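To start, the structure under review is shown below, and the notes come after it.
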There are 2 protein chains.
Amino acid sequence: MQLRPEQILNDHQLRRTAVRLAVLRIFLEADEALSQSYLEQQFEQVDRITLYRTLRTFEQKGVIHRALDGTDTPKYALCAGECNEHAHHDHHAHFHCDDCGRTYCLEEMVAPRFHAPRGFRVDEAHMVLTGVCKECLEGVSP
Amino acid sequence: MQLRPEQILNDHQLRRTAVRLAVLRIFLEADEALSQSYLEQQFEQVDRITLYRTLRTFEQKGVIHRALDGTDTPKYALCAGECNEHAHHDHHAHFHCDDCGRTYCLEEMVAPRFHAPRGFRVDEAHMVLTGVCKECLEGVSP
DNA sequence: AATTTCATGCAACGTTGTTGCATTTGTGTT
DNA sequence: AACACAAATGCAACAACGTTGCATGAAATT
């Protein structure tokens, strides 16, 4: 996992701009999957279209991946490092807390191999877990 | 699995209206998860708000469930029968075909029990498989 | 058949996804 | 250090979708 925003942009051949660096910093601090609207709120002022395109570019280039969490709001999280322009490797599970609404990447939890049912060919498998996260269970968060 | 639309409405204490019956008939014939916009196209003429509320009501009452398929378009499918106003039991996997875009319920494929990681409490587990469906593999569909 | 309860249709609004275009900014080159 | 080119940004604009309020019409209950 790359640690510095500048490094990440270099690795993916992306120009070093203010918005991109800021977005990466937010992701690096967050350690969870974030929605575009959440990101927007982290800025004093930012153009939502720029943010939209930043996320789209990041996803295409393999910097972030979409975290499937069962809600209607797409969320994104930093890729672990093996992702690039050509392929994503985000086959870990995602956990959505019904209490605080946060979505976590469970890097350690990889989807098991499934045999293709009904004559289908399975290319990818994703898992979505829902429940209550540790912090909410402990009553730390509302 | 109930077979007649009228029966389904009765079972869930829902009024027998034209739109609801029509929607149920489409679902019964489809045997796959459908989006609201697809449903809209099946009608000569229908109010999208009515359709929206119909789906919402059906979901709340346990007639249909949301099929998580990794796309941005929510899709719905008939519940197998054990669902009601209080709880859904749609823990089977869903398969999304990247070719034709259809989403299938894999009733026979139930999410395995997962132990809760990081001190989280897992209430539900969903699986989303993507790939190519049988029909597309066989070249029947475009 | 009358009454009540609920579904419908329409207006309306907010949010989000998306594109085009002019301007600004980053980056490799002179 | 200045230049030139390509790419990112900011803004306008629009489409699609989710959502609510309200008046009207249809179902179920008596």
Side-chain angles (χ1 to χ4, degrees), chain A residues 4-26 33-76 85 101 103, chain B residues 4-26 33-76 85 101 103:
Chain A
R4 291 174 54 254
E6 293 82 359
Q7 180 82 42
I8 297 178
L9 292 179
N10 281 346
D11 289 355
H12 295 273
Q13 297 168 59
L14 291 166
R15 289 196 177 175
R16 185 179 303 187
T17 71
V19 175
R20 291 179 176 177
L21 289 172
V23 167
L24 286 176
R25 273 187 223 103
I26 299 172
L34 308 175
S35 66
Q36 174 170 346
S37 70
Y38 174 86
L39 286 165
E40 259 173 74
Q41 291 162 24
Q42 303 312 108
F43 285 84
E44 279 286 320
Q45 182 206 358
V46 74
D47 185 61
R48 71 180 187 94
I49 291 99
T50 301
L51 212 44
Y52 163 73
R53 283 194 267 230
T54 300
L55 293 174
R56 190 175 54 177
T57 303
F58 279 2
E59 192 186 3
Q60 284 171 178
K61 297 281 187 169
V63 178
I64 60 178
H65 63 269
R66 212 175 262 242
L68 199 59
D69 75 347
T71 69
D72 287 339
T73 333
K75 301 205 181 58
Y76 304 87
E85 200 166 357
T103 299
Chain B
R4 292 174 54 255
E6 293 82 0
Q7 181 81 43
I8 299 177
L9 292 180
N10 280 346
D11 290 355
H12 295 274
Q13 298 168 58
L14 290 166
R15 289 197 178 173
R16 184 178 303 187
T17 72
V19 175
R20 289 178 178 178
L21 288 171
V23 168
L24 286 177
R25 274 188 222 105
I26 299 172
L34 307 175
S35 65
Q36 175 171 345
S37 69
Y38 174 86
L39 287 165
E40 259 172 74
Q41 291 162 24
Q42 303 313 108
F43 286 84
E44 278 286 321
Q45 182 206 356
V46 73
D47 186 60
R48 71 179 187 96
I49 291 99
T50 302
L51 212 43
Y52 163 72
R53 283 192 267 227
T54 301
L55 292 174
R56 190 176 55 180
T57 304
F58 279 2
E59 192 186 2
Q60 284 171 179
K61 296 283 186 168
V63 177
I64 60 178
H65 63 269
R66 211 175 261 242
L68 199 58
D69 75 348
T71 70
D72 288 338
T73 333
K75 301 203 180 60
Y76 303 87
E85 200 165 357
T103 300

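Because only heavy atoms are used, hydrogens play no part in the values below, and waters and symmetry mates are left out as well, while side chains stay in. Computed from a predicted structure; not experimentally measured. So you know, we letter chains A, B, ... as the sequences are listed, proteins then strands, and number each from 1.
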For [X] and [N], is the shortest distance between a side-chain N/O and OP1 or OP2 below 4.0 Å?
X: B/Tyr52; N: D/dC17; answer: no
X: B/Gln36; N: D/dG18; answer: yes
X: A/Arg56; N: C/dT19; answer: yes

Whole Å only: how far is the [atom1] atom of [X] from the [atom2] atom of [N]?
X: B/Leu51; N: D/dT20; atom1: CG; atom2: C1'; result: 17 Å
X: B/Gln13; N: D/dA27; atom1: CD; atom2: P; result: 19 Å
X: B/Asn10; N: D/dT29; atom1: CG; atom2: P; result: 10 Å
X: A/Lys75; N: C/dG17; atom1: NZ; atom2: C1'; result: 17 Å
X: A/Leu21; N: D/dT9; atom1: CG; atom2: P; result: 10 Å
X: A/Tyr38; N: C/dT16; atom1: OH; atom2: P; result: 16 Å
X: A/Glu40; N: C/dG14; atom1: CD; atom2: C1'; result: 13 Å

For the student: nearest non-hydrogen atoms of A/Glu40 and A/Leu51, plus distance: CG-CD2, 3.4 Å
Distance-minimising heavy-atom pair for A/Pro5 and A/Leu24: O-CD1, 3.6 Å
pair [X]-[Y]: side-chain heavy atoms closer than 4.5 Å:
X: B/Arg20; Y: B/Thr57; value: yes
X: B/Glu59; Y: B/Arg56; value: no
X: B/Phe43; Y: B/Val23; value: yes
X: B/Leu55; Y: B/Leu39; value: yes
X: A/Leu68; Y: A/Arg66; value: no

Distance from B/Leu9 atom CG to B/Thr17 atom OG1, nearest 0.5 Å? 7.0 Å
Scan nucleotides 28-30 of chain C against the protein and return all N/O pairs shorter than 3.5 Å with their distances rounded to 0.1 Å.
none

The contact string for nucleotides 3-9 of chain C, one letter per nucleotide 5' to 3', using protein heavy atoms under 4.0 Å with B, S and - for base, sugar-phosphate only and none, comes out as --BBSSB
Ion pair present between A/Arg16 and A/Glu6, side-chain N to carboxylate O less than 4.0 angstrom?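 A/Glu6 and A/Arg16: not salt-bridged.
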Pick base, sugar-phosphate or nothing for A/Arg48, based on heavy-atom distances below 4.0 Å to the nucleic acid.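 A/Arg48: base contact, heavy atoms under 4.0 Å.
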